[in-house]
Amino acid sequence: MEILSSAGLLAGLNSEQLAAVTWPAQPALVLAGAGSGKTRVLTTRIAWLLQTGQASVHSILAVTFTNKAAKEMQLRLSALLPVSVRAMWLGTFHGLCHRFLRLHYQEAGLPKTFQILDIGDQLAVVKRLLKQLNIADEVIAPRSLQGFINAQKENGLRASQLTARDPHERLMIECYAAYDSLCQNEGVVDFAELMLRSYEILQSNEVLRSHYQNRFNHVLIDEFQDTNKLQYAWLKLLAGEHAAVFAVGDDDQSIYRFRGAEVANMTRFLHEFGVSEPIRLEQNYRSVGNILTAANAVIAHNASRLGKNLRTEAGSGEKIRVLQAINDIEEAQFVVDEVKALHREGLNYMQMAVLYRSNAQSRVLEQALFRAGIPYKIYGGLRFYERQEIKHALAYLRLTVNPNDDNALLRVINVPARGIGARSIENIQAAANETGISLWQAATSLAAKNSKIAAFVHLIENLQAQAAQVSLPELMAAAIYDSGLMEHYRTQKGEQQERINNLEELLNAAVAFKPQESGFNLEPEYDENDPLSAVLSFLSTASLEAGEHQAGQGEDALQLMTVHAAKGLEFDGVFLTGLEEGLFPSEYSMAERDGLEEERRLMYVAITRARKRLYLTMAEQRLLHGQTHFALPSRFVDEIPEAVLHYLSAHKNSLVSRQQTTQRTNPFHSRSKLAETPASTDFDGFQLGQNVHHERFGTGVIIDATHKAEGARLTINFGKQGIKELDTVFAKSKLTIIS
DNA sequence: TAGCCGATAGTTTTT
DNA sequence: CTATCGGCTA
């Protein structure tokens with residue numbers, strides 16, 4: 001096989017990219033702007049390191065956040081190099097930690113068959129724990145405890161390392177400790193535990209630490225701005241003194257602070273790894289000039305940044321189309337009309353996306369699209385391996401490989417119903433608590449007295465016997481059919497066909513599953529002749545790669561998703577909807593410190609998704625939680641230079657543009673006569689939803705009003721200035737109606 | 001043990 | 001508005 005020359009590998013890179021790819025074996029921080037060829041730089045660097053003999057596949061550690069990104073890198077890498085990238089430690093933080101723990105389960109104090117808890121499983125454990133400790137939901141809400149535990153773990157802190165500031169916190173910490181020991185007893189680990197446990201082992205076990213520190217001399221990280229405290233510490237520990245850490249990220253695209261991501265890790269990296277200046281990738285290969293101008297202008301309003309300005313060699317392109325609709329329904333209709341028009345012009349639906357800040361906004365869009373017969377695909381919602389029937393089927397498998405998994409037992413002991421009711425389960429739990437054994441052990445001891453329990457025990461024992469002998473698909477089939485699960489869904493009334501299909505799909509997945517490719521079994525310890533290894537891999541993959549959000553691949557469909565979900569994606573045409581104060585930027589975020597900057601980064605991410613055409617839309621009125629809300633256009637729209645914007649009127653064939661030269665004190669407020677709000681009561685000359693100007697507070701919208709003996713009392717949302725209550729008797733002279 | 005009812009809450013979510 | 005959950009009843 002011909003080996004590509006180094007020159008061939010590097011051909012076509014721009015000077016910035018070349019500098020990054022061929023950076024010497026020293027720490028580097030690459031500031032990779034949106035659409036600047038980040039993945040290419042990352043993969044080419046790895047290929048270059050390998051090809052020039054600076055590194056071997058064994059000495060490279062490459063980390064991503066998503067499975068998608070990891071797969072993408074693996075794919076591109078194998079296209080660049082004839083070597084097998086299988087042996088490389090390339091994967092997600094959690095995937096790699098998982099591999100580490102499987103390899104060193106003994107050092108980690110875990111059973112060989114330990115199982116992974118996803119968020120749903122974790123919540124179930126937390127609920128069970130609180131019940132066990134007799135703590136009411138009102139005292140500690142399960143979700144808040146779950147959040148607390150995860151946040152602490154992501155900060156690298158165990159319960160024993162925490163000090164309480166108040167009694168409530170002390171209780172939370174006690175629960176955290178109890179939770180950890182519960183998980184330990186049951187042989188299960190949550191996502192954060194995968195990381196924390198790995199980190200702790202590396203820290204305490206010198207043999208392992210020096211082994212890995214010596215092994216990895218190149219550590220590469222993607223999306224570095226999204227790392228949390230623990231991930232940073234883990235990387236630093238693994239890298240040791242000598243590894244060349246190559247961190248790639250974009251501080252302007254840090255949008256996961258609510259999940260513990262710390263942008264500050266970027267500056268921290270510069271200091272702690274002695275990097276004087278980041279390498280900037282500012283050449284954008286995605287968007288036309290006007291879109292980049294908008295993105296640059298918006299993000300320039302943020303104070304805390306490392307600084308970066310995207311440029312393109314493409315032309316300025318079309319202007320960004322802006323539309324303020326009367327309400328959310330009209331906004332959705334506009335999107336429908338434009339999507340239709342673009343599709344007629346030859347653009348695939350797939351190449352267009354409708355983005356919104358929160359999932360709740362999708363409904364109106366969905367209805368309009370459905371009515372118009374436009375195929376669409378919504379991202380978000382339940383993923384394949386999170387579905388009830390799938391989790392049930394997998395719980396049988398989990399119980400088979402790890403009978404101490406109380407979670408799994410409780411999930412399936414009476415699904416399908418086999419006469420083990422609440423009181424029987426209570427008996428089992430009581431027996432287990434008494435002697436400190438697992439539910440499974442308690443159940444086996446109670447089987448002699450209870451035939452229903454005996455039947456269940458027999459079912460699981462039968463699966464266990466098969467596990468050692470039959471293949472994964474056969475075991476999966478046994479779990480689905482012998483348990484009666486399939487029969488259960490077949491005989492249940494209602495729309496169960498979907499669940500049956502999913503169970504069949506699960507069987508297909510088991511048949512198609514290749515443990516060697518699951519990314520967890522690349523080490524010599526993996527025994528491909530041991531059926532149990534395949535089952536463990538399958539279960540782990542199910543937890544760590546919960547699958548696609550929605551099926552229906554291959555179909556040409558319009559893409560609907562939140563801005564968060566759109567990160568990393570790109571489309572020819574993008575509709576950025578719901579650009580209203582309070583919604584985007586969201587009200588919640590504005591209460592938080594630096595919350596507005598995070599929202600602005602989100603806006604930056606949203607804008608930079610578009611290649612050629614970008615629409616910014618907003619509604620004056622929107623139905624939220626069953627109530628009509630009035631809002632002003634998002635401040636982010638005002639932050640975009642007028643020169644790249646093109647205002648559209650809200651009516652008929654939508655593309656009718658408003659004269660560019662129209663005096664533009666505030667184009668949003670020059671509402672057309674046709675678009676007048678439906679008759680509303682008069683409040684001393686004012687109306688609900690009206691836009692007004694106040695000499696001190698600026699522009700606002702009347703969101704509430706009450707009649708008074710004399711005049712009226714108006715509640716006005718002045719956006720940045722806040723919501724004010726004004727009395728017309730006093731304020732009338734200071735208020736001007738502008739629409 | 002399913003099914004119904006009322007109360008409740010309701011940003012974003014890579015693993 | 002509307003999805004979800006816990007408690008209660010048939």
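What you see is a predicted model; the values in this text were computed from it and never measured. What you see below is based on every heavy atom in this structure, not just the backbone, and it leaves out hydrogens, waters and symmetry mates. Proteins get letters first, then strands, A, B, ... in listed order; numbering begins at 1 in each.
Using a 4.0 Å cut-off between charged nitrogen and carboxylate oxygen, A/Glu72 and A/Arg76 count as a salt-bridge pair.
In this entry the distance linking NE2 of A/His564 with P of B/dT15 reads 15 Å, nearest Å. Look at CG on A/Asp250: it is 16 Å from C1' on B/dT14, rounded to the nearest Å. Across the protein-nucleic acid pair, A/Tyr256 atom OH and B/dT12 atom P stand 11 Å apart, rounded to whole Å. Distance, A/Asn359 CG to B/dT13 P: 5 Å, rounded to whole Å. Residue A/His488 contributes atom NE2, which lies 11 Å from atom C1' of B/dA2 at whole-angstrom precision. In this structure, A/Met561 places its CE atom 15 Å from C1' of B/dT13, rounding to the nearest Å. Computed from coordinates, the A/Arg143 CZ to B/dT13 C1' distance equals 12 Å when rounded to whole Å. B/dA2 atom P lies 11 Å from atom OH of A/Tyr489, rounded to whole Å.
If you check every strand for non-hydrogen atoms under 4.0 Å, A/Thr562 touches sugar and phosphate atoms only. Here A/Gly421 lies in heavy-atom contact (under 4.0 Å) with sugar-phosphate atoms only. Contact annotation for A/Asn414: backbone-only contact, meaning every heavy-atom pair under 4.0 Å involves sugar-phosphate atoms and none involves a base. Residue A/Glu592 is in base contact, counting any heavy-atom pair closer than 4.0 Å across all strands shown. The residue A/Glu599 sits close to a base: some heavy atom pair falls under 4.0 Å. No contact: A/Ser543 has no heavy atom under 4.0 Å from any strand.
Close to B/dT14, at under 4.0 Å from its OP1 or OP2, lies no side-chain N or O of A/Asn67. Listed pair A/Arg259 / B/dT15 fails the phosphate criterion, with no side-chain N or O lying under 4.0 Å from OP1 or OP2. One finds no side-chain N or O of A/Thr92 lying less than 4.0 angstrom from the OP1 or OP2 phosphate oxygen of B/dT14.
Partner A/Asp226 forms a salt bridge (Lys or Arg N to Asp or Glu O under 4.0 Å) with one of A/Arg257, A/Arg601, A/Lys567, A/Arg259 and no other, that one being A/Lys567. Screening A/Glu587, A/Glu599, A/Glu580 for a salt bridge (Lys or Arg N to Asp or Glu O under 4.0 Å) with A/Arg357, the sole residue that qualifies is A/Glu599. Among A/Tyr199, A/Tyr212, A/Phe93, A/Tyr105, the one residue that satisfies the ring pair (Phe, Tyr, Trp, His ring centres under 6.0 Å) test with A/Phe100 is A/Tyr212.
A donor atom on one side chain and an acceptor atom on the other are found under 3.5 Å apart for A/Gln559 and A/Tyr379.
Comparing the C1' positions of C/dC5 and B/dT12 gives a spacing of 23 Å, expressed to the nearest Å. A gap of 15 Å separates the P atoms of B/dT13 and C/dT4, to the nearest Å.
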Using the 3.5 Å cut-off, write out each protein N or O paired with an N or O of nucleotides 4-6 of chain B and the distance between them.
none

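Partners of A/Phe456 according to the ring pair (Phe, Tyr, Trp, His ring centres under 6.0 Å) rule, which considers only residues two or more places apart in sequence or in another chain, do not exist here.
Relative orientation of the A/Phe224 and A/Tyr232 rings is tilted, given thresholds of 30° and 60° on the angle between their planes. Ring geometry, A/Tyr176 versus A/Phe148: the interplanar angle exceeds 60°, so the pair is classed perpendicular (tilted spans 30 to 60°). Under the 30°/60° scheme for interplanar angles, the aromatic rings of A/Tyr256 and A/Phe258 are found to be tilted.
Heavy-atom nearest nucleotides on DNA chain B were determined for A/Gly626 and for A/Ala565, and the one closer to the 5' end corresponds to A/Gly626.
Other residues, nucleotides and ligands contribute over 12 non-hydrogen atoms within 6.0 Å of the CZ atom of A/Arg158.
Of the candidates B/dT13, B/dT11, B/dT14, the closest approach to any side-chain atom of A/Thr66 belongs to B/dT14. Checking B/dT14, B/dT11, B/dT15 against the side-chain heavy atoms of A/Phe65 singles out B/dT14 as nearest. Set against B/dT15, B/dT13, B/dT12, the side chain of A/Arg357 has B/dT12 as its closest nucleotide.
Boundaries of the chain A contact region on DNA chain C are C/dC1 to C/dG6, first to last in 5' to 3' order (nucleotide atom under 4.0 Å from a heavy atom).
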Before you tell me yes or no, could you show the steps for A/Asp190 and A/Lys153 under salt bridge (charged side-chain N to carboxylate O under 4.0 Å, His left out), namely the whole-Å CA-CA distance, both residues' side-chain angles and the distance that decides it to 0.1 Å? CA-CA 10 Å; A/Asp190 57 54; A/Lys153 288 191 180 185; 2.8 Å; yes

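An aromatic stack links A/Phe258 and the base of B/dT12, using centre distance under 5.5 Å and interplanar angle under 30°.
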